[in-house]
Number of protein chains: 4
Amino acid sequence: MEEKSKKERLIQAAIKLFAQQGYHNTTVAEIADEAGVAKGTVYWYFSSKEELFWGIIVSGAELVNNKLAKEAEQNNKTAVEKIEAIIRLHISYFKKGKNIVKMTQECSASPGENFYKEIQQLRKVAINSVAKIIKEGQENGELVADIQAKELANFILGAIGGAYNPSIYELEDVEETTDLILKIIFKGIKV
Amino acid sequence: MEEKSKKERLIQAAIKLFAQQGYHNTTVAEIADEAGVAKGTVYWYFSSKEELFWGIIVSGAELVNNKLAKEAEQNNKTAVEKIEAIIRLHISYFKKGKNIVKMTQECSASPGENFYKEIQQLRKVAINSVAKIIKEGQENGELVADIQAKELANFILGAIGGAYNPSIYELEDVEETTDLILKIIFKGIKV
Amino acid sequence: MEEKSKKERLIQAAIKLFAQQGYHNTTVAEIADEAGVAKGTVYWYFSSKEELFWGIIVSGAELVNNKLAKEAEQNNKTAVEKIEAIIRLHISYFKKGKNIVKMTQECSASPGENFYKEIQQLRKVAINSVAKIIKEGQENGELVADIQAKELANFILGAIGGAYNPSIYELEDVEETTDLILKIIFKGIKV
Amino acid sequence: MEEKSKKERLIQAAIKLFAQQGYHNTTVAEIADEAGVAKGTVYWYFSSKEELFWGIIVSGAELVNNKLAKEAEQNNKTAVEKIEAIIRLHISYFKKGKNIVKMTQECSASPGENFYKEIQQLRKVAINSVAKIIKEGQENGELVADIQAKELANFILGAIGGAYNPSIYELEDVEETTDLILKIIFKGIKV
DNA sequence: CATGAATGAGGCTTCATTCAT
DNA sequence: CATGAATGAAGCCTCATTCAT
């Protein structure tokens with residue numbers, strides 16, 4: 001009796017290999033091998049290589065997006081607190097789901113793929129959640145008002161992704177990154 | 001007599017198609033077609049599809065890195081001014097070289113490719129230039145001192161790239177993006 | 001249900017076409033066609049065109065080399081008998097494996113190919129077996145002693161290959177060739 | 001002013017490279033490079049790669065064949081002397097024209113090429129010359145009569161080629177090879 | 001459910017040959 | 001005579017996907 005279902009093993013194998021080697025440099029055969037199943041079996045659980053890849057991305061992105069939406073709807077928090085929560089949320093997700101994050105980054109940077117347009121859709125949803133928080137903060141005077149909420153939301157999410165560059169520094173201590181981002185976004189770097 | 005050399009036409013065709021369709025979804029045949037030359041001609045000027053792609057990336061990255069390095073060596077500017085110049089430099093490069101930027105982003109997010117490690121090297125060079133400026137600013141009291149220079153450099157470059165997400169908003173007016181970034185990085189968003 | 005496995009059919013097709021047209025003038029597509037399988041199937045069974053070619057050569061050469069080695073180790077035969085056996089062995093192999101012999105000849109005469117050095121290795125093994133027999137014959141006075149054993153071995157094997165030139169005379173009656181070689185090698189042609 | 005004509009330089013370059021790398025692994029560009037001329041120039045002197053290759057083979061083969069024919073027509077020599085002369089002729093040719101010999105061997109073992117049939121024709125001419133000598137020797141009682149002259153001629157020429165295996169022993173001292181062949185062919189190896 | 005042999009479209013690359021200069 | 005940029009046919013190989021068992 002195996003510990004995990006074949007489907008689960010396939011997903012785990014896919015995450016590992018896609019993150020390591022990228023979408024195009026990972027073959028269905030390799031994934032099946034890594035999961036310990038036959039190549040044909042992949043097609044019983046997933047209709048295509050693309051669906052397998054995209055399914056993983058979506059599961060991760062929706063997880064984050066749902067938490068983002070919930071955060072935006074909180075009533076007993078200031079906007080600053082919510083933004084801080086959002087940043088912590090992302091960083092902790094990056095920490096746990098390093099491989100899926102890498103996949104998502106590749107996904108976001110691969111024009112010409114079917115999933116390229118779809119990932120942008122997901123990004124827009126995230127931006128909307130954050131923008132909502134920002135607008136509140138601007139309306140109640142917590143945040144500076146001379147910035148477009150959506151653009152700021154885009155900046156914050158982009159900065160998080162940009163700062164978390166797992167390939168450069170192998171940041172094991174991502175807590176530091178969190179603090180860095182919070183500090184800059186809230187206080188700037190000028191004395 | 002044609003206006004541009006075949007080599008130049010090939011490069012332009014490659015930039016256009018790689019940016020639009022991604023590296024793997026663009027065939028050498030398409031590039032040749034777009035450039036109006038025979039397939040074999042590509043190999044007269046470039047030793048492989050990869051070299052063609054990577055050559056374009058490098059030309060762009062070195063351009064920016066050289067300017068970055070020069071900026072870091074300026075003597076008659078404050079650190080803040082230098083950082084502002086760097087941000088303007090990037091944004092103006094993004095504006096002109098939209099397609100090459102897209103290619104670079106794909107390149108940076110494609111593990112398993114030969115150029116993946118090389119692009120990281122280029123990124124490190126850029127980070128070093130920016131970190132040098134930051135250190136100066138911290139030493140002369142312009143910038144807050146409780147942040148690691150290299151991490152901050154990584155954040156700034158990452159934030160620029162993250163904020164400039166041409167696929168989301170088709171930001172024609174990138175000047176706004178510049179101002180946004182400057183404002184946040186220097187002053188933060190809290191009132 | 002087909003009579004032979006696809007792998008076997010591929011090998012037979014390859015032998016036929018390689019012998020007829022040579023290595024470089026035979027395409028993988030032709031071999032697949034001749035075998036009645038798809039082009040891709042070739043690569044399910046063989047890792048490359050070269051491996052397919054070389055595998056056939058080796059199977060034949062090892063067959064002969066093994067018999068040669070066994071012959072060399074016989075105790076109840078004179079050297080002359082052994083040499084006769086060796087010649088008969090080759091000629092009967094040539095008779096049956098005409099096509100593989102042709103392939104081997106091409107292989108041996110194609111510098112610059114990866115298998116060129118390897119076939120020489122196989123040839124050396126064969127020479128050693130024959131030289132061993134010759135030395136015995138020289139030691140016990142059966143054979144003339146003023147000839148280097150290895151050179152003589154090389155001559156004998158070379159003469160067999162040279163005499164058996166299937167492209168010149170389409171010798172169906174190879175028995176005659178056997179007798180010819182035996183006569184000359186043992187007794188010479190002078191009255 | 002260059003020492004040799006371009007045509008001559010091309011031929012020498014071709015001989016060197018064809019012998020070293022084989023016909024299919026040598027490109028026209030390499031030959032032009034080695035000769036220090038432009039690729040297009042090759043086609044001013046030779047109509048095709050094949051013609052360049054074949055021209056070299058023929059020049060060598062005809063040289064030998066002419067000498068062979070002359071030898072056959074000598075009146076003041078015994079058959080044995082003529083055969084000895086033939087063998088010496090070949091070995092000395094092998095010594096001088098190592099590279100052309102290699103090319104000829106490849107040529108003879110490359111079915112599917114246009115020159116494959118032509119080289120057989122040349123071989124037949126050589127055999128006829130030798131067979132003529134043998135017949136004379138058999139008629140005047142010098143040589144054993146129970147062997148077909150043509151088959152013996154084929155054997156002798158084949159044995160010479162087989163014995164002279166430049167790739168195995170790097171025989172610098174080809175004189176020894178000559179003696180070996182003479183000894184065996186005339187006297188055999190049995191005591 | 002699972003397998004893995006089989007498929008075939010399509011990609012990258014090589015290279016003999018041509019031809020305008 | 002000579003050049004070398006340009007061509008395009010053709011080859012080897014990969015791999016997502018299918019399907020009979």
Side-chain angles (χ1 to χ4, degrees), chain A residues 5-7 10 23-33 35-53, chain B residues 1-2 5-7 10 23-33 35-53, chain C residues 1-2 5-7 10 23-33 35-53, chain D residues 5-7 10 23-33 35-53:
Chain A
S5 75
K6 294 198 174 176
K7 183 172 183 180
L10 277 168
Y23 179 73
H24 286 285
N25 289 312
T26 301
T27 67
V28 173
E30 281 175 308
I31 295 171
D33 249 35
V37 305
K39 212 190 328 176
T41 305
V42 176
Y43 289 85
W44 202 89
Y45 292 105
F46 307 94
S47 65
S48 68
K49 180 187 176 183
E50 189 178 320
E51 198 220 66
L52 170 55
F53 181 82
Chain B
M1 189 138 77
E2 286 137 350
S5 76
K6 295 200 174 173
K7 183 174 184 180
L10 276 168
Y23 180 73
H24 286 284
N25 289 313
T26 301
T27 69
V28 172
E30 281 174 312
I31 295 172
D33 253 31
V37 304
K39 214 183 342 167
T41 304
V42 176
Y43 291 88
W44 177 258
Y45 293 104
F46 307 95
S47 64
S48 66
K49 179 188 176 184
E50 190 178 319
E51 198 222 63
L52 171 54
F53 181 82
Chain C
M1 189 136 78
E2 286 137 350
S5 75
K6 295 199 173 174
K7 182 173 185 180
L10 277 168
Y23 179 72
H24 285 285
N25 291 311
T26 302
T27 69
V28 173
E30 280 175 313
I31 295 172
D33 254 30
V37 304
K39 216 185 338 168
T41 304
V42 175
Y43 292 88
W44 178 259
Y45 292 104
F46 308 95
S47 63
S48 66
K49 179 187 176 184
E50 189 177 321
E51 199 221 64
L52 171 55
F53 181 82
Chain D
S5 76
K6 294 198 174 177
K7 182 172 184 180
L10 278 168
Y23 179 72
H24 286 285
N25 290 311
T26 301
T27 67
V28 173
E30 280 175 309
I31 294 171
D33 249 34
V37 304
K39 213 191 327 178
T41 305
V42 176
Y43 289 86
W44 201 88
Y45 293 106
F46 307 95
S47 65
S48 67
K49 179 185 177 185
E50 190 178 321
E51 198 221 65
L52 171 55
F53 182 82

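Being a predicted model, the structure only gives us computed values, none of them experimental. In the text below, chain A, chain B and the rest are named by the order of the sequence lines, each starting its count at 1.
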How would DNA chain E look in dot-bracket form, 5' to 3', counting Watson-Crick and G-U wobble pairs with both distances under 3.5 Å and writing | for bases paired to another strand? .||||||||||||||||||||
Treat primed atoms plus P, OP1 and OP2 as sugar-phosphate and everything else as base, then score nucleotides 13-21 of chain E 5' to 3': B for base contact with protein heavy atoms under 4.0 Å, S for sugar-phosphate contact only, - for none. BBSSBB---
For side chain to side chain contact (heavy atoms under 4.5 Å, CB included), just list the numbers for B/Ile31 and B/Leu52, CA-CA rounded to whole Å, side-chain angles, deciding distance to a tenth of an Å, and then say yes or no. CA-CA 10 Å; B/Ile31 295 172; B/Leu52 171 54; 4.1 Å; yes
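Here B/Val42 lies out of heavy-atom contact (under 4.0 Å) with every strand. Contacts of A/Tyr45 with the nucleic acid, taken as non-hydrogen atoms under 4.0 Å apart, involve only primed sugar atoms and P, OP1 or OP2.
OP1 or OP2 of F/dA2 has not a single side-chain nitrogen or oxygen of D/Lys7 nearer than 4.0 Å.
Here the shortest heavy-atom pairing between D/Leu10 and D/Ala32 reads CD2-CA, 4.2 Å. Contact detail for D/Lys49 and D/Thr26: the closest heavy-atom pair is NZ-O, 2.8 Å.
Put simply, CG on B/Asp33 is 15 Å from C1' on E/dG11, counting in whole angstrom units.
In this view, C/Asn25 and D/Glu113 satisfy the side chain to side chain donor-acceptor pair (under 3.5 Å) rule, not counting sequence neighbours.
A distance of 8.0 Å separates OG1 in C/Thr27 from CG in C/Asp33, rounded to the nearest 0.5 Å.
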Could you list the donor-acceptor pairs under 3.5 angstrom formed by side chains in residues 37-47 of chain A, with sequence neighbours left out?
unit_1, atom_1, unit_2, atom_2, d
A/Thr41, OG1, A/Ala38, O, 3.4
A/Ser47, OG, A/Glu51, OE2, 3.1

